[in-house]
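By convention here, the first residue in the shown sequence is residue 1.
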Amino acid sequence: ALGAIDAVPLVSGVAAFPHLSISSIDTPYVLGFSAPGLAPTFSPEFSVATGPVRYLWMHRQPGNGTGNTSLSPQPVVELLDFGDNLVVGIPPREGASSSPYLVVRVEARLVGDAACESAEQPFSSVAPGF
């Protein structure tokens, strides 16, 4: 979605858009600019990529299970950026060519119980299409 598209003043013949943003990942985009009584102009094509991971989102809730068997369905957590786009690739940490950038911690806790079991899962890439 196109953001910060408020009308801007014309100053010395220049209309600047300091907060223009596009939150949806896609390619290619073209920006068009127009004013009453004037021919429009268009930008060259450009792409919008995902940003850094902002938060985890529960895409699919876990189902019920019995002891020592897999839950059905299995839970799915997605990594989303500031534009709520799915981050499908995690870059390596600075200075490390193959180490994961992000570690997601999983906790199992009884409702109302302070104690929990936990595990950590490193992600070096994320597969889309759950």
Side-chain angles (χ1 to χ4, degrees):
L2 189 60
I5 55 173
D6 297 332
V8 296
L10 189 63
V11 178
S12 300
V14 176
F17 298 84
H19 302 291
L20 188 65
S21 66
I22 297 177
S23 62
S24 298
I25 301 167
D26 221 335
T27 187
Y29 278 103
V30 173
L31 291 177
F33 300 89
S34 62
L38 300 174
T41 188
F42 299 91
S43 74
E45 291 182 359
F46 62 95
S47 299
V48 175
T50 58
V53 175
R54 176 179 173 215
Y55 65 97
L56 299 170
W57 181 71
M58 180 66 69
H59 176 81
R60 183 172 58 210
Q61 297 289 336
N64 295 323
T66 58
N68 295 319
T69 63
S70 297
L71 300 175
S72 181
Q74 289 287 297
V76 174
V77 176
E78 293 181 342
L79 310 174
L80 301 178
D81 71 3
F82 283 88
D84 294 331
N85 301 299
L86 180 65
V87 178
V88 295
I90 305 295
R93 291 180 298 193
E94 189 172 323
S97 61
S98 62
S99 297
Y101 173 79
L102 183 69
V103 175
V104 176
R105 182 180 175 89
V106 180
E107 295 183 348
R109 181 182 315 223
L110 291 172
V111 175
D113 191 356
C116 68
E117 296 179 28
S118 65
E120 293 183 348
Q121 174 63 51
F123 285 92
S124 56
S125 65
V126 179
F130 296 107

Are the side chains of [X] and [Y] in touch, meaning some heavy atoms are under 4.5 Å apart?
X	Y	result
Arg60	Pro73	yes
Leu56	Leu80	no
Val48	Tyr29	yes
Tyr55	Val53	no

(message) Once rounded to the nearest 0.5 Å, what's the spacing between atom CD1 of Ile22 and atom CG of Leu31?
(response) 5.0 Å
(request) Could you grab the distance from atom CG of Leu79 to atom CG of Asn85, nearest 0.5 Å is fine? (result) 12.5 Å
(message) Would you say the ring centers of Phe42 and Phe33 fall short of 6.0 Å from each other?
(response) no
Any idea which heavy atoms bring [X] and [Y] closest together, and the distance?
X	Y	result
Leu10	Ala15	CD1-N, 3.8 Å
Arg54	Asp81	CB-C, 3.7 Å
Leu86	Glu78	CD1-CB, 3.7 Å

(message) Looking at Gln74 and Leu71, would you say the former's side chain and the latter's main chain have a donor-acceptor pair under 3.5 Å?
(response) yes
(message) I'd like to check the side chain to side chain donor-acceptor pair (under 3.5 Å) partners of Thr41; sequence neighbours left out, ordered by chain and number.
(response) none
(request) Could you tell me which residues satisfy side chain to side chain donor-acceptor pair (under 3.5 Å) with Ser34, sequence neighbours excluded, listed by chain and number? (result) none
